[in-house]
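The sequence lines fix the lettering, A, B, ..., with proteins before strands; numbering per chain opens at 1.
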Amino acid sequence: ISRPEPKDDVGRMIVRVGMSGDMEAFEQIFRAYAPRVRAFMMQRVRDPQISEELMQETMVMIWRKAAQFDPVKGSPGAWIFTIARNLRIDSYRRSRQPDFDPNDPAFVPDTGRSADDAVEAHDEEQRLHTALTGLPPEQHDLLKLAFFEEVSHSEIAERLGLPLGTVKSRIRLAFSKLRAALGDRP
Amino acid sequence: MSIQHQVSDELLLDYATGVLSEGWRIAIATHLALSPQSRRRLAVMEMAGGALVHDLASEPSLLDEDRSWMTLRKRLESPGAQGVTPPPSRPIPGSVLSVVLPDPLRSYVGGDVDSLKWRPLGRGAYHLPIAVGDPSTMVRLLRIPAGKPVPEHGHRGRELTLVLSGSFHDGDALFARGDLEEADETLQHQPVATEGEDCICLAVTDAPLKFRSWLVRAVQPILGI
Ligand SMILES: [Zn+2]
Ligand SMILES: [Zn+2]
């Protein structure tokens with residue numbers, strides 16, 4: 001199935017929304033991502049109405065948080081994914097989801113990345129996408145199960161009837177390949 | 001600072017997908033605050049999540065896409081709607097080197113190390129149970145006196161130990177600030193705090209430890225460890 005691709009780089013459009021509340025840029029983000037985010041919600045929620053509402057919530061959050069998106073630090077696809085993931089979890093889980101805070105005085109900043117990396121972020125997302133597509137099916141399927149249905153690695157082992165060690169090594173193999181594709185230490 | 005012992009891929013994946021329960025999450029999130037390398041690995045996983053969502057084939061939607069967009073647009077342009085939030089002003093992170101406990105841990109214990117009400121465990125060791133809304137785990141801070149061992153033990157489940165101050169040896173491995181040790185049923189060990197400084201760790205478990213010594217086993221229920 002072909003999805004509408006935004007005319008411009010999504011990262012740049014998020015920045016435009018963040019800087020001036022640019023509704024045209026935001027519509028492009030919506031056209032590209034609404035069907036995807038709705039489908040992501042459906043994977044776990046299995047209810048079209050609730051999935052539509054959660055997609056709308058995700059879009060509102062993208063709008064509100066756009067100024068916090070830092071193209072130097074991350075890929076827009078990952079950023080949108082984390083917003084959708086958090087809203088999906090919040091919709092059925094009451095417990096707290098503690099996270100680190102980059103503004104905390106004890107937070108150890110990453111000195112290795114600079115403004116030059118922003119240029120690379122888009123390219124990086126594509127390289128990762130290619131590497132992900134090239135993973136062996138058993139590794140690719142395992143990641144889909146983990147991300148879409150929110151299943152822990154030990155539950156994956158139970159569900160697929162695999163030894164825990166096999167699941168762990170598939171996860172490690174998959175991510176060492178993805179990291180290698182980005183030039184990171186595998 | 002370079003973190004030698006990072007979180008494993010399988011546990012980090014559980015964090016990235018959001019399945020990890022609150023107790024474990026406190027340990028991983030606090031480790032992430034101290035380890036740029038682990039955060040970069042998390043970023044790669046979240047990018048993978050983004051790529052998978054990007055490739056997702058949706059079932060044909062019953063709702064017209066234009067109508068969905070108009071609903072959203074109306075909501076954003078309604079008089080009471082919250083606009084784009086300006087970015088938070090950023091203090092320079094890492095500037096206050098004297099803060100020992102990073103968030104989210106510090107918020108859970110209600111202050112930094114100097115404000116803690118330690119409870120004695122005997123032999124100069126102390127602990128501090130941390131209240132979490134996750135009944136499946138036990139979360140606490142441990143203070144092991146310099147040069148002293150934690151009684152030798154095995155595990156009935158998973159144990160995560162995150163070093164916050166000082167360091168400890170476990171066999172040949174040295175664990176220092178920010179390092180995370182993952183233990184499971186297969187590991188029997190005896191961590192020993194390094195000489196010169198007390199070692200403060202965050203420990204998360206989901207089952208009582210199996211101590212080798214009958215003496216420790218005898219006091220285990222009283223201490224609640
Ligand atoms: Zn693709
Ligand atoms: Zn242990």
Interface moiety of A:E27 toward chain B, non-hydrogen atoms closer than 4.5 Å: both
So is A:R96 actually on top of B:Y108's ring, under 6.0 Å and inside 45° of the axis? yes
Taking every heavy-atom pair that is under 4.5 Å apart, which of A:N86, A:L182, A:D101 has the most such pairs with chain B? A:L182
Less than 4.5 Å apart, any side-chain heavy atom of A:V37 and any of A:M59? yes
Can A:Q43 and A:K144 be counted as having a side-chain donor-acceptor contact under 3.5 angstrom? no
Looking just at side-chain N and O atoms, do B:S68 and A:Q56 make a donor-acceptor pair shorter than 3.5 Å? yes
If you draw a 6.0 Å radius around CZ in A:R185, do more than 12 non-hydrogen atoms from other residues or ligands fall strictly inside? no
Give the member of B:G133, B:A29, B:S8 that has the highest number of heavy-atom pairs under 4.5 Å with chain A. B:A29
Any non-hydrogen side-chain atom of B:E197 less than 4.5 Å from a side-chain atom of B:S165? yes
Comparing B:I26, B:D134, B:L76 against chain A, the one with the most heavy-atom pairs below 4.5 Å turns out to be B:L76
What part of A:M55 is in contact with chain B, defined as an atom under 4.5 angstrom from a non-hydrogen atom: side chain, backbone, both or neither? side chain
Among B:L52, B:T30, B:L101, B:V44, the residue with the most heavy-atom pairs under 4.5 Å to chain A is B:L52
Side chain / backbone / both / neither for A:I80 at chain B, heavy atoms under 4.5 Å: neither
Does a side chain donor of either A:S75 or A:E125 reach within less than 3.5 Å of an acceptor in the other side chain? yes
Less than 4.5 Å to any heavy atom of chain A: does that hold for the side chain of B:D14, its backbone, both, or neither? side chain
Proximal component of A:T82, with respect to chain B [non-hydrogen, under 4.5 Å]: side chain
Is B:L42 in contact with chain A via its backbone, its side chain, both, or neither, using a 4.5 Å heavy-atom distance? side chain
Winner by heavy-atom pair count (cut-off under 4.5 Å) against chain A, out of B:A16, B:A43, B:S107: B:A16
Please check if the distance between the ring centroids of A:F147 and A:F40 is under 6.0 Å. no
Let's test your reading of the structure: which of A:D99, A:I89, A:L178 forms the most heavy-atom pairs below 4.5 Å with chain B? A:D99
Determine the option with the most heavy-atom pairs under 4.5 angstrom with chain B, choosing from A:V167, A:L143, A:L128, A:I156. A:L128
Close side-chain approach of B:L174 to B:F168, heavy-atom, < 4.5 Å: no
Heavy-atom proximity to chain B below 4.5 Å, by part of A:R93: side chain
Using a cut-off of under 4.5 Å on heavy-atom pairs, state which of A:S95, A:G18, A:P98 scores highest against chain B. A:P98
Knowing that exactly one of B:C201, B:C199, B:P102 qualifies, which makes a side-chain contact (heavy atoms from CB on, under 4.5 Å) with B:L164? B:P102
Proximal component of A:F148, with respect to chain B [non-hydrogen, under 4.5 Å]: side chain
Report yes or no: do B:H155 and B:D184 form a side-chain donor-acceptor pair below 3.5 Å? no
Taking atom types as modelled and ignoring hydrogens, do the side chains of A:E24 and A:Q28 form a donor-acceptor contact shorter than 3.5 angstrom? no
Using non-hydrogen atoms only, which part of B:L20 is less than 4.5 Å away from chain A: side chain, backbone, both, or neither? backbone
Option that, when pairs with chain B are counted at under 4.5 Å, heavy atom only, ranks first among A:V17, A:V151, A:V60: A:V60
Could A:R179 and A:F175 be counted as a cation-pi pair, given that NZ or CZ must be under 6.0 Å from the ring centre and within 45° of the axis? no
Where does B:L13 contact chain A at under 4.5 Å (heavy atoms): side chain, backbone, both or neither? side chain
Looking at B:E77, B:R75, B:R25, B:R41, which one has more heavy-atom pairs under 4.5 Å with chain A than the rest? B:R25
Residue B:S21 versus chain A: region with a heavy atom under 4.5 Å: neither
Name the region of A:R64, side chain, backbone, both or neither, that has any atom closer than 4.5 Å to a heavy atom of chain B. both
